[in-house]
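Every chain is numbered from 1, with letters handed out A, B, ... down the list of sequences. Quantities reported herein were computed from a predicted structural model and do not represent experimental measurements.
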Amino acid sequence: EVQLVESGGGLVQPGRSLKLSCLASGFTFSNYGMNWIRQAPGKGLEWVASISSSSSYIYYADTVKGRFTISRDNAKNTLYLQMTSLRSEDTALYYCASYYFDYWGQGVMVTVSS
Amino acid sequence: DIVMTQGVLPNPVPSGESASITCRSSKSLVYKDGKTYLNWFLQRPGQSPQLLTYWMSTRASGVSDRFSGSGSGTYFTLKISRVRAEDAGVYYCQQVREYPRTFGGGTKLELK
């Protein structure tokens, strides 16, 4: 059974940093690209970033480019999202999802507030 | 960026009736391989999104045949036949033709 489990969320002050993790199991993680998607409270879905299986190709939404970094450790079956210079508008539930968006985690909440 | 625009449903929808959700893209989602790179998702209250269809009309694994996707290069429809209680939630279209991947704003389906 495919499982994606996010962790690392919490309350953080504006301008600070936070690193999210997504532990994958049930499939050969190193063979697939991955995505991060977020959803602000009461709002729709926003794609954040994608990374290819070998980290050769990386893409970001303009809203996070230069502040967020997506990465992965295939030996640990883990996807990451390093978030810096956080803003109140980054407050959201962050999901990791498989390359084809056919598997999603349960999401992890990030709240940016002073 | 490709802008995805979703229509509104005349809610609530009577149980057992059919419902059609529309989505429009600002650019053709047909790639040179002939496939149309359009996904549909359902997000039930309090749950993560669930992929329903990909390549515009191919149902994802385990998805009921009551869900059917159709359309052209820029105009798409998700039809739900014989609507049931578990179909309630917010439906999203998404283009995966190019980066950045973009979602529509969502269409809420409520049942009577």
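With a 4.5 angstrom heavy-atom cutoff, Asn35(A) does not touch chain B via any of its atoms. When heavy atoms are compared at a cutoff of 4.5 Å, Tyr54(B) does not approach chain A at all. With a 4.5 angstrom heavy-atom cutoff, Tyr99(A) touches chain B only via side-chain atoms. Interface remark: Ile37(A) contributes side-chain atoms only to the contact with chain B (heavy atom separation under 4.5 Å). Only the backbone of Tyr100(A) comes within contact range of chain B, judged by heavy atoms closer than 4.5 Å.
Side-chain contact, Gln47(B) with Gln106(A): no donor N or O sits under 3.5 Å from an acceptor N or O.
In this structure, the separation between CD on Gln43(B) and CG on Leu45(A) is 5.5 Å, given to the nearest 0.5 Å. Atom OH of Tyr92(B) and atom CD of Gln39(A) lie 4.5 Å apart (nearest 0.5 Å). With rounding to the nearest 0.5 angstrom, the CZ atom of Phe41(B) is 5.0 Å from the CH2 atom of Trp104(A).
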Problem set entry | Test side-chain contact (heavy atoms from CB on, under 4.5 Å) applied to Phe101(A) and Gln94(B), step by step | CA-CA 10 Å; Phe101(A) 297 94; Gln94(B) 179 205 29; 3.2 Å; yes
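Below 30°, between 30° and 60°, or above 60°: for Tyr59(A) and Tyr99(B) the angle between ring planes is below 30°, a parallel geometry.
Within residues 66-88 of chain A, no residue has a heavy atom under 4.5 Å from a heavy atom of chain B.
Of the residues considered (Ser61(B), Ser48(B), Ala60(B), Pro100(B)), Ser48(B) shows the highest number of contacts with chain A, using heavy-atom pairs under 4.5 Å.
Within 6.0 Å of CZ on Arg66(B) lie more than 12 heavy atoms contributed by other residues, nucleotides or ligands.
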